[in-house]
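Data block below; observations after.
Quick caveat, the model's predicted, so the values are computed rather than measured.
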Amino acid sequence: ASRRDFIHFVLCHCGVIAVLLFLGFAIEHPFALKVVNTLSGLFVIGTSLSCVALFVRRMNALGRSPKLLMLALIPVLGWIYLLFICLKKD
């Protein structure tokens with residue numbers, strides 16, 4: 001995946017999650033809140049495989065080993081490092 005494809009996917013994915021989180025905090029009705037939380041969970045679960053696949057494609061495009069994705073298991077610092085690697089120019 002090119003850098004541009006990666007950035008577009010990450011921005012769109014984060015945008016949808018941000019909207020769902022905002023709705024979760026803004027809604028006061030208990031049933032509507034459960035619906036939004038369920039949609040948020042389904043979205044994250046449903047897109048997790050495509051996120052991993054895109055990270056693997058990006059790592060291959062950079063000539064790095066996809067095994068570096070194991071760094072994502074380290075909270076916060078691992079994620080920041082992976083984003084830093086993936087946002088490097090080709």
For [X], give me all partners under side-chain contact (heavy atoms from CB on, under 4.5 Å), at least two apart in sequence or on another chain.
X: L21; answer: I17
X: A53; answer: none
X: V35; answer: F31, L39
X: N60; answer: V56, P66

Roughly how far, to the nearest 0.5 Å, is the [atom2] atom of [Y] from the [atom1] atom of [X]?
X: D5; Y: R58; atom1: CG; atom2: CZ; answer: 9.0 Å
X: T47; Y: L42; atom1: OG1; atom2: CG; answer: 10.5 Å
X: I7; Y: L87; atom1: CD1; atom2: CG; answer: 5.5 Å
X: M59; Y: L68; atom1: CE; atom2: CG; answer: 4.0 Å
X: I85; Y: L71; atom1: CD1; atom2: CG; answer: 6.5 Å

Looking at R3 and K88, what are the two nearest heavy atoms and their distance? CD-O, 3.9 Å
Ignoring hydrogens, what is the shortest heavy-atom contact between L23 and V36? Give both atom names and the distance. CB-CG1, 4.0 Å
One pair to check against side-chain contact (heavy atoms from CB on, under 4.5 Å): E28 and L33. What are the steps and the verdict? CA-CA 7 Å; E28 306 240 349; L33 184 61; over 6 Å; no
Between [X] and [Y], is there a shared hydrophobic cluster once you connect ILVMFWY residues whose side-chain heavy atoms come closer than 4.5 Å?
X: V10; Y: L49; result: no
X: I80; Y: L54; result: no
X: V44; Y: F9; result: no

Sequence neighbours left out, what pairs pass ring pair (Phe, Tyr, Trp, His ring centres under 6.0 Å) with at least one residue falling in residues 39-78? F6-F55, H13-F43
Does anything in residues 60-80 form a ring pair (Phe, Tyr, Trp, His ring centres under 6.0 Å)? List the pairs, not counting sequence neighbours. none
Any side-chain hydrogen bond (donor to acceptor under 3.5 Å, both in side chains) pairs touching residues 32-43, not counting sequence neighbours? none
Cluster partners of L73, using ILVMFWY side-chain heavy atoms under 4.5 angstrom, listed by chain and number? M70
Who clusters with F22? Use side-chain heavy atoms, under 4.5 angstrom, across I, L, V, M, F, W and Y, and order the result by chain and number. none
